[in-house]
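Down below is the structure, laid out as structure tokens.
Atom set for the values below is all heavy atoms of this structure, side chains included, hydrogens, waters and symmetry mates excluded. Here is how names work: the chains are called A, B, and so on, in the same order as the sequence lines, proteins then strands, and each is numbered from 1.
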Number of protein chains: 2
Amino acid sequence: MGIRERKERHKENLKAQILEAAKRLFVKEGYAATSIRKIAAEIEFSPTTIYLYYKDKSDIAYALHQEGFLLFRERLAVLELVEHPFERLRAMGRAYIQFALDHPDFYEVMFIMREPMDYLETHHPEQDWPEGERVLDGLFQTIHACQQAGYFNDIGTQEMAILSWNVVHGLCSLHITGHFRSIAEKCAPHQDFKKDSLLEDVFQAYMKVIERMK
Amino acid sequence: MGIRERKERHKENLKAQILEAAKRLFVKEGYAATSIRKIAAEIEFSPTTIYLYYKDKSDIAYALHQEGFLLFRERLAVLELVEHPFERLRAMGRAYIQFALDHPDFYEVMFIMREPMDYLETHHPEQDWPEGERVLDGLFQTIHACQQAGYFNDIGTQEMAILSWNVVHGLCSLHITGHFRSIAEKCAPHQDFKKDSLLEDVFQAYMKVIERMK
DNA sequence: CAAATTTAGTTAACACTGTTAATTATGCAA
DNA sequence: TTGCATAATTAACAGTGTTAACTAAATTTG
């Protein structure tokens, strides 16, 4: 029987298979359209089977959230090689934006949606947000190195790190949620090229601003 | 003649009543928990009656979105009285943050949720986002006045306006979606007071940064 | 080996959701 | 009074997350 074969094949990685199926649906149709029942259908199991491996839907959301951070760190890791701290900061910002443009669904589950955060708070109240802290820590170190190199020394390292994060997050989140759709062309009605480079332009403006802080 | 007018008035009345009921539920339990059926129950009408006055749920979301901008502009209007443009910019930023803290649900429907934006695009594709543009225009003018006063003249006005918007939006959105919950205390483990003033601190850092750009 | 027990997975159901088609009730004009 | 347009309703569709009860298979125990 085909069903028995399938069962034997995936005896132990069913949890991983659920996540893979969820990820497939998720990147194809977004989180909102990824229902428990569809995930179940994708792996040819009953919907309730999902609940044997994941507590609830926010648990799956958090798993996708973690998956996104895996992708994200993988991308940013190479930037450790950029020696000049200020140029590294610039590269990190651009990489952040590019990640959001390449993987808007992952960006949403990582930085916009409440569900993964709610899962952390309700099911693991003791610990806080390891993924976010790890990324922010990398940014913190680069900002610190910038300050060692003489940049923005009259600003707190934490404040500067969170500020820089905020600038790119503001851009990416407003872009993804559709709030920039009409803003872009209003900003440059007779410059069509600007429509596609608003994120880049504003980020460059930020870098220009903090560049002077030496 | 007069009959039709009265009918229209009654119709507008019920439409307004629906919105009022939606707003009540919305500020009390958030958008996610505000269902069509609950709105209908609140005004003691059948659920389908809602559809005689609003196209679909995203239509209601957009109405709440507009309602939020009404509140928002009402608050910011008085800041036109602040003469010094840079101080006006500072006041606008603080007012923006305070609005988000006071009305997180409205902030969410105004700047975070896709639904109102989707309504605009699918049901009114010709026009773009009037609420956003109007607010951004006010910011644009203040930035322009700052530049006239000698601030950040080597940065484009549009870029500077959107950048400033991004900074406060980044702060408010990450705060509202719960992404700052654990970040705050990590930043200042032995300074309890900082937990509540992260938004203010980072905003001040931004103001400090652009203050130097004269 | 057979019986008991644990485990994995399923079916059926609950209580919701947004939304539409068909139907009834209501007030107005001819 | 009849006919008609409109307002509002009921019933239903197609989905959602989630839980309790149940079955079948595997494993442990006497």
Side-chain angles (χ1 to χ4, degrees), chain A residues 1-19 21-22 25-26 28-65 109 113-116 118-119 122-123, chain B residues 1-19 21-22 25-26 28-65 109 113-116 118-119 122-123:
Chain A
M1 200 167 276
I3 295 165
R4 177 172 258 160
E5 280 172 33
R6 187 211 65 217
K7 277 184 181 173
E8 282 168 9
R9 243 193 338 241
H10 305 115
K11 223 186 301 187
E12 269 118 37
N13 5 335
L14 192 45
K15 181 161 187 175
Q17 242 210 302
I18 291 168
L19 188 57
L25 289 168
F26 168 74
K28 196 167 46 155
E29 316 188 56
Y31 181 81
T34 303
S35 71
I36 300 275
R37 281 171 167 87
K38 279 188 193 167
I39 297 170
E42 184 88 359
I43 56 169
E44 296 178 283
F45 274 82
S46 145
T48 49
T49 304
I50 311 280
Y51 288 89
L52 300 174
Y53 299 90
Y54 290 94
K55 220 158 199 162
D56 54 25
K57 211 196 171 184
S58 74
D59 193 350
I60 296 173
Y62 182 61
L64 291 170
H65 170 102
V109 86
M113 281 174 42
R114 310 179 101 99
E115 227 154 334
D118 289 350
Y119 172 79
T122 59
H123 296 299
Chain B
M1 300 298 185
I3 301 145
R4 186 169 276 173
E5 277 174 34
R6 203 195 60 215
K7 273 190 176 174
E8 282 297 312
R9 211 167 46 234
H10 176 257
K11 203 170 172 177
E12 288 302 314
N13 218 339
L14 191 45
K15 182 161 188 176
Q17 247 195 291
I18 291 168
L19 188 57
L25 289 167
F26 168 74
K28 195 165 48 146
E29 317 187 57
Y31 180 81
T34 303
S35 70
I36 301 276
R37 280 172 166 87
K38 279 188 193 166
I39 297 169
E42 184 88 359
I43 56 169
E44 294 177 290
F45 273 82
S46 148
T48 50
T49 305
I50 311 279
Y51 288 90
L52 301 173
Y53 300 91
Y54 291 94
K55 219 158 201 164
D56 53 27
K57 212 196 170 185
S58 74
D59 194 350
I60 296 174
Y62 182 61
L64 291 169
H65 169 102
V109 86
M113 280 174 43
R114 312 177 99 99
E115 227 153 338
D118 288 351
Y119 172 79
T122 60
H123 295 300

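- Taking atom CD of residue Gln17(B) and atom C1' of nucleotide dA8(D), one finds them 14 Å apart after rounding to whole Å.
- Rounded to the nearest 0.5 angstrom, Arg114(A) CZ and Ser58(A) OG are separated by 13.5 Å.
- Closest approach of Val109(B) to Pro116(B), counting heavy atoms only: O-CG, 3.3 Å.
- One can place CG of Leu52(B) at 7 Å from C1' of dA7(D), the figure rounded to the nearest angstrom.
- Rounded to an integer number of Å, the gap from Lys55(B) NZ to dT20(C) P is 11 Å.
- Taking 3.5 Å as the limit, the base of dT19(C) and the side chain of Thr48(B) contain no donor-acceptor pair of atoms between them.
- At whole-Å resolution of the value, OH in Tyr51(B) and P in dT10(D) are 16 Å apart.
- One can place OH of Tyr54(B) at 15 Å from P of dG18(C), the figure rounded to the nearest angstrom.
- Pairing each heavy atom of Asp56(A) with each of Tyr51(A), the nearest pair is CA-CE2, 4.1 Å.
- Between His123(A) and Tyr119(A), the angle of the ring planes lies from 30° to 60°, which puts this pair in the tilted group.
- Rounding to the nearest 0.5 angstrom, the gap separating the CD1 atom in Ile60(A) from the NE2 atom in His65(A) is 15.0 Å.
- Protein atom CD1 of Ile50(A) is 12 Å distant from nucleotide atom P of dT16(D), rounded to whole Å.
- Under the side-chain contact (heavy atoms from CB on, under 4.5 Å) criterion, Ala21(B) pairs with Arg24(B), Ile39(B), Glu42(B), Ile43(B), not counting sequence neighbours.
- How far CD1 of Ile50(B) is from CZ of Arg37(B): 11.0 Å, rounded to the nearest 0.5 Å.
- Inter-axis angle, ends of the helix from dC1(C)-dG30(D) to dA30(C)-dT1(D), five pairs per end, rounded to 10 degrees: 30°.
- No side-chain heavy atom of Leu14(B) sits less than 4.5 Å from a side-chain heavy atom of Leu52(B).
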Scan nucleotides 15-17 of chain C against the protein and return all N/O pairs shorter than 3.5 Å with their distances rounded to 0.1 Å.
| from | atom 1 | to | atom 2 | distance (Å) |
| --- | --- | --- | --- | --- |
| dT17(C) | OP1 | Ser35(B) | OG | 2.8 |

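- Considering only heavy atoms from C-beta on, Tyr54(B) comes within 4.5 Å of Leu19(B) through its side chain.
- In this structure, CG of Asp59(A) is placed 12 Å from P of dT19(D), rounded to the nearest angstrom.
- Following rounding to the nearest Å, Leu14(B) (CG) and dT9(D) (C1') show an atom-to-atom distance of 14 Å.
- In this structure, Phe45(B) reaches the sugar-phosphate backbone alone: every heavy-atom distance under 4.0 Å involves primed, P, OP1 or OP2 atoms, never a base.
- Distance from the side chain of Tyr53(A) is smallest to dA8(C) among dT18(D), dA8(D), dA8(C).
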